[in-house]
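Down below is the structure, laid out as structure tokens.
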Number of protein chains: 2
Amino acid sequence: MSIQLTTAEVLGLWHNVHLALVHDDEPDLSARQISILLTVYLEAPPHTVRDLAARLAVSKPVITRALDTMGKMGLVSRRRDEKDRRNVLIQRTVDGALFVERLADTISVRARELRTDP
Amino acid sequence: MSIQLTTAEVLGLWHNVHLALVHDDEPDLSARQISILLTVYLEAPPHTVRDLAARLAVSKPVITRALDTMGKMGLVSRRRDEKDRRNVLIQRTVDGALFVERLADTISVRARELRTDP
DNA sequence: GCCAATCGTTACGGTACCGTATCAGATAAT
DNA sequence: ATTATCTGATACGGTACCGTAACGATTGGC
């Protein structure tokens, strides 16, 4: 079974959620940062810079910079791979998990409001 | 009736759509830019800089800059209000409408794929 | 007419991101 | 052991955005 939504519904959802994200005091992550964050939190580890760059089809410096920023925010952390010390393993954090949870809440709330509060 | 989605579903949707947006060659709009664009295209005109700033709870220069960028991209246009020449009316464009349409398509496709292609 | 209020824009210094090229470190190949 | 390959990080010049403050233009109040 799949999720069927009309054009008006998906755009309304996108609109409402983005308004909510801009409205609150959380930092606005870019589309690339969101993609990286959710890849790390939703897909199975291990996650390396190289893998993430391939997954998003962007260059490695893009990943490094995004990890720098999100690392400062406490949303992810990095650790050297002891088996192959060239690799860096990207790991989840408690704060990152809470951030993703809040994002899910925001989306869910706006999805519920779609038809009841047009 | 409202739209009920599980946490896994909303996060999967957000993840997949953002991956698709990063993947294609379209420019990545910020959350603020998306909010402005969809407000202009989904809500009833007229739209002024002041109104958009209030709607997003941001300062007016934020709106001016976003309109500069999206104007260069051809997604919106500006026109002086002849009734009150202090106002600027933000208007839709053909390219902007197509952009919004493609965005809706992308979201719809990923929503349909949610359970069939996990 | 004149002054205050409102509109959108611009100026300023600072930060973050971009793409490309290059880098040092670790591993693999010979 | 030496070279080649792979990793992630860094350097570089350029662009865009940030928040705050000031600005010219236009309108309304008196």
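Residue numbers start from 1 in every chain, and the chains themselves are labelled A, B, ... in the order their sequence lines are given, proteins ahead of strands. Being a predicted model, the structure only gives us computed values, none of them experimental.
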Output yes when at least one side-chain N/O atom of [X] is less than 4.0 Å from OP1 or OP2 of [N], else no.
X: B:R32; N: D:dC18; answer: yes
X: B:Q33; N: D:dA16; answer: no
X: B:T64; N: C:dT9; answer: yes
X: A:R50; N: D:dT7; answer: yes

Exercise for the section: Could you check whether B:D81 gets within reach of a base, just the sugar-phosphate, or nothing at all, counting any heavy atom under 4.0 Å? Expected result: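 No contact.
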Exercise for the section: Would you classify B:S30 as touching base, sugar-phosphate or nothing, given that sugar-phosphate means primed atoms plus P, OP1 and OP2, and contacts are heavy atoms under 4.0 Å? Expected result: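 Result for B:S30 = nothing.
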Exercise for the section: Return the 5'-most residue of the pair A:M73, A:R85 with respect to DNA chain C, ranking by each residue's nearest nucleotide. Expected result: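 Result of the comparison: A:M73.
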Problem - Along DNA chain C (nearest heavy atom to each residue), the more 5'-positioned of A:V62 and B:R78 - result: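 By nearest-heavy-atom nucleotide position, the 5'-most residue is B:R78.
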Practice task
Rounded to the nearest angstrom, tell me the gap between atom CG in A:L56 and atom P in C:dC18.
Solution key: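 Roughly 11 Å, once rounded to whole Å.
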Practice task
Rounded off to whole Å, could you give me the CG-to-P distance for the A:L89 and D:dT7 pair?
Solution key: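 Going from CG in A:L89 over to P in D:dT7 covers 13 Å.
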Heavy atoms from C-beta onward define the side chain here; which of [options] lies closest to that of [X]?
X: A:S59; options: C:dG19, D:dG8, D:dT20; result: C:dG19
X: B:T69; options: D:dC17, D:dG8, D:dT20; result: D:dC17
X: B:P61; options: D:dT20, D:dT5, D:dT10; result: D:dT20
X: A:R65; options: C:dC17, D:dG8, C:dA26; result: C:dC17
X: A:T48; options: D:dG8, C:dT10, C:dG8; result: D:dG8

Problem - Short side-chain to backbone donor-acceptor contact, A:T48 and A:L89, under 3.5 Å - result: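 No: the side chain of A:T48 does not pair with the backbone of A:L89.
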Practice task
Check whether any side-chain N or O of B:R50 sits under 3.5 Å from a backbone N or O of B:K60 as a donor-acceptor pair, and report yes or no.
Solution key: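 Side chain of B:R50 to backbone of B:K60: no pair is present.
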